[in-house]
Amino acid sequence: MKTRNIITNTLVYFVLAVLSVIWLLPIAYLVMTSFRGESGAWLDGYVIPKEWTFGNYTKLFTDTTLFNYPRWMLNTVVVAICSCVISTFFVLFTAYSFSRLRFRMRRPLMNVVLVLGMFPGFMSVIAIYHLIKLIGLEQSLIALILIYSGGAALTYYIMKGFFDTIPRELDEAAYLDGYTKWQIFIKITLPLSRPVITYTVLTTFIAPFVDFIIASVIMKDNYNNFTIALGLFRMLERENVFRWYTAFCAGAVLISIPIAALFLIMQKNYVEGITGGSVKG
Amino acid sequence: MTKQQNTGVKKNARKIKAHANNKESITSLNALVHGNARTRLSLVISGFGNIMYGQIIKGLLFLGFQFSVLFIFISFGMEYVSKINTLGTETMRSEYNDALDIFVNVPGDNSLKILLYSIFAVAILVVGITLQLASVKSSYATQLDVKRGKQPNSFAADLRSMLDKNLHTTLLTPPFLGVAAFTLLPIIFMILLAFTNFDRDHQPPGNLFTWVGLQNFIDVLNFGGTKGNTFFGVLGWTLVWAVFATFLNYLFGMVVALMINKKDIRLKGLWRTCFVIAIAVPGFVTLLFMRQMLSEMGTVNVILQSWGFEPVNFLRNTMNARLTVIVVNLWIGIPYTMLITSGILMNIPKDLYEASKIDGAGPLRQFRSITLPYMLAVTTPYLITQFIGNLNNFNAIFFLTQGGPPVTDYYNAGKTDLLITWLYRLTVSFGDYNIASVIGIVTFVICASISLITFNILASAKKEETFS
Amino acid sequence: MKKLLTLILASAMILSVAGCTQNDSGSETNAGSGTGGGNVEVTLRVWASQEDQGLTRELADKFIAANSDKKITIELGVVGEPDAYATYSEDPEAAADVFFFPNDQLRSFVTAGGLYEVTRNKDEIVSRNIESSIEAATFDGKLYGYPMTADNGYFLYYDKSVLSEEDVKSLDRIIEVSEAAGKRVFMNLDDNAWYLASFFLGAGCTLVIGEDGRQICNFNNADGLAAAKAIQAFTSSSAYINGDDSVLKGGIGGTISAGVSGTWNAQDISDVLGENYAATKLPTFTMDGRQVQMGSFGGYKLVGINSLITDADKLVTAMDFADFLTNEESQVERFKQRAMGPSNINAAADSAVQENIALAALAMQAPFATSQNDINNNTFWGPAGAFGTAMVNGDTTDLQTLLDNMVNQIQE
């Protein structure tokens, strides 16, 4: 029995080690490329760079006339913070109403919202662009914030699952103490929902960093209001790729660091947020 | 406890139903049938009833809204709504400018704007009508209060009820306005486009498009034609992809989580971190980077060749490309599944395993009869969301293969194209908005039915009401 | 009832919309009343590619200084020529007033009604540019673009240390020598019909636009089949290497001995090759046992004016600016700074232009080049690119079937 256990454990360690290598290798290569001296996407038949440089990083912050990386970073952070605050409130409101409050049309509304969430997002981005234009906000960061948070209610499902598991008795006790429904929401439910709020904050905060389609349709040629994803993608366009490929890698590494930090710090809450509710159920 | 609550809820429901037949209940119909003159007049002049009952602020607010809605509709909407049946008739023309000796263009109609702004105007009208009815109902409610000898609600009391009895309205209004503006209106717009001939030959600003009925649906769903052939081919692969991408991710993610969480495996944090770092790199960066690495002359092939193997055409050969996108998607997806499942695994009661061990069950059997059923029960909503997400997984395909390899018997599509990427190419590169809309509608119908059915089965299985 | 919050939010939204629509109609009404001279204020938006930003800014400032009687502001947006029509069609109203585009997009632009006809100073513009460039900017007998460059074509770059001037005359010889030297020959055929077509055009196949605007293509006739066989022979040879520009630039001088590309890579390639930098027309290829010269697409870059300009003063200024951007002086400057081949007759005759290796190679290829005006951009590139992919992949489907599929779709 014991020897068998040792064998399986060794096997598990081995597999884990191999997998870790598979997962870390591309990232290591990305980091390596970001320090590469040779420009271009393609090395002529070798893998390890022959020249090393820190220049790709400094280039991002000094050569900013066209590829204004710091500006784009700032734009993205601003959009991410605003849209994540608004979205989180929207999701909270929707999920709480559907989970805790009882009113006419609740079920039909839930189904409608669920179905609307299924429409391929950027299908409608062209219509959204013209609507945004109608109110004079095209090519602006405000437009992006509105769009990223506007549909947030559609993703209420996970948070509702979480709320469903918070014992109703708590609400009833508070109600008897004379709390209004709003007070119950703020003082009873919210403090118990940290994990799922973390999960929502995290996912909505990251969205602007990775969205490409919506940003490209809204911003068009307005370089100053680009987000980081759009800017990085432009670096790989045919006319820029040769000079900017290594800088692209450097830029990618730079945005990955804060996201990695966020995830590592919040992973426990993240997991509980998405699963916590269902587990207790 | 739960049983009692359940019956309580049922009783409540019955009460509500009984109430609906009562003229005391506040519905628009009751208000118009049983309302007094003040109430009925509110249908014409918004807020009239409220003002007459002394609820001045509320009444004025209603009135103000009525005016803004009418103002917008007449000043802005009418112009477009009146052209909705043709979507415009005047094309651009040019006029001679004497002073500068030059022909200057005078823009004509813009079909796209006529369609979109008409929808917008009608939406505003719908809001207006809803508010109008709200005003009637509000007046009726006050009428009933007065009849019962109660004082009409003060504005302050109304505000207070927004945080208590009517909290759902307060909470749901802002998110729903967002959904209406950024999801619902655009969807209606895209659905209507499917019935027009807005394609590459009818591009603005020089051309108009118009209604063509079901022609686009006939083109796309017709088996024999190139478009139909492409549609069913792409649809097939989209489904295959979604199934593989979802379930392989799920399965492998769980296996990784099981390994990390195995009782006497050390350095759990370290192993987990290795995977979490992969999450940190934004997906599109990973995909673009992998694309370079896997290209014909990419790093992977350079390494293969240096080891004496033949280079592999990862992205341009149908079978290889399909395998590649699934495998790369595993690389991106497994860390997420691992994170989520490891949280749940820790919650599976240990005694279940011990009991089965005594029964002589091996690890594989344990997995099949304890772990997997438990996981499935808990994560089905997540799985469905993932499945739908994968049906529409634009990034994974667009950044890696761009839908390629393209083939000559498809209509502007390649062998790894999903409906969603095909649709994107048709609009952005070719301007075939009508065909794209049809594809969008079909995708939508598929996703919506899958999720509606499964979520409702789930909800009833979970007996949501027992929690409430 | 007490749906006050609903009301407040809805009204806020409605009022803001009302406010904006008013602004909108306000700005639309002041169109059209051109007065000329005096205190004219004009703001022009101009698109130029990433690399052209500096030069365009410089020329714009010169233009503003030369027209000090008007108050002109010129704003630059970054949209490269290849993306001009796609970006334009997303929202013509948000597009630039003046933009650059390759002449193969002329048909799309004109059929969409996106361009002003060139009317101001037309005679001089016609007389100062080479005839073929004017033809390329003309559609249905009307001139729609200001020719800016005459270099939007491709030819062969090669490494003199591997291939001799004699070797580069035929593709067979190039492959033979390269194989012997362990080097490879670059040509991007995968999903890129621009280069692929050179075999078909060389074989005598044609692309024509029919009366209804549909593409007529005979790439599937006997000559086309022979061309396809030649492509297959080329892509299946061990020396063949496919890829995008970065492969060529990364590999030339190393594993790559010769590659087909255009003037935009001239600087990078000559930097890498140094002494060994050379360029010439495309080679001949073997078809049915005889040597046939490869054809090519020859293109021009044009300046266009957005048809949605409704203000006469703005239109005049835009046309004058387009005129200025493409006059002899500007074209000389463009050659000096960006090594782009002029379409202006005098500028092209300049000795510095004549001595430019890449432009000379392009000129050698010119007699065998086909105008891109006869291509329907909507239907040609997709299917033809798909055929190229099949060739590079070594697809074993019957060649004639592949060709027929391609032509059917092109003509759809």
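FYI, side chains are in, hydrogens and waters are out, and symmetry mates aren't considered; it's all heavy atoms of this structure. Every chain is numbered from 1, with letters handed out A, B, ... down the list of sequences.
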Of the listed C/G113, C/G385, C/G382, C/A112, the one with the largest count of heavy-atom pairs under 4.5 Å with chain B is C/A112

Measure distances from B/D98 to the heavy atoms of chain C and classify the residue's part below 4.5 Å as side chain, backbone, both or neither. neither

Tell me, side chain or backbone of B/F103 under 4.5 Å from chain C's heavy atoms, or both, or neither? backbone

Residue part contacting chain B, namely of C/E93, when any heavy atom lies under 4.5 Å: side chain

Which bit of B/D409 comes within less than 4.5 Å of chain C, counting heavy atoms only: side chain, backbone, both or neither? both

Between C/K70 and C/D313, does any NZ, NE, NH1 or NH2 come within less than 4.0 Å of an OD or OE carboxylate oxygen? no

Please state whether the side chain, the backbone, both or neither of B/S295 comes within less than 4.5 Å of a heavy atom of chain C. neither

Check whether C/I309 gets within reach of chain B through its side chain, its backbone, both or neither, counting any heavy atom under 4.5 Å. backbone

Tell me, for C/T119 versus chain B, whether the close heavy atoms (under 4.5 Å) come from the side chain, the backbone, both or neither. side chain

Pick out which of B/S138, B/S42, B/S139 makes a side chain to side chain donor-acceptor pair (under 3.5 Å) with B/N50. B/S138

Please rank C/F387, C/Y88, C/Y85, C/Y116 by heavy-atom pairs under 4.5 Å with chain B and give me the top one. C/Y116

Just so I understand: if I count every heavy-atom pair under 4.5 Å between each of B/M92, B/R316, B/H202 and chain C, which residue has the most? B/R316

Looking at B/Y410, I'd like to know if the NZ or CZ of B/K415 sits under 6.0 Å from its six-membered ring centre while staying within 45 degrees of the ring's axis. yes

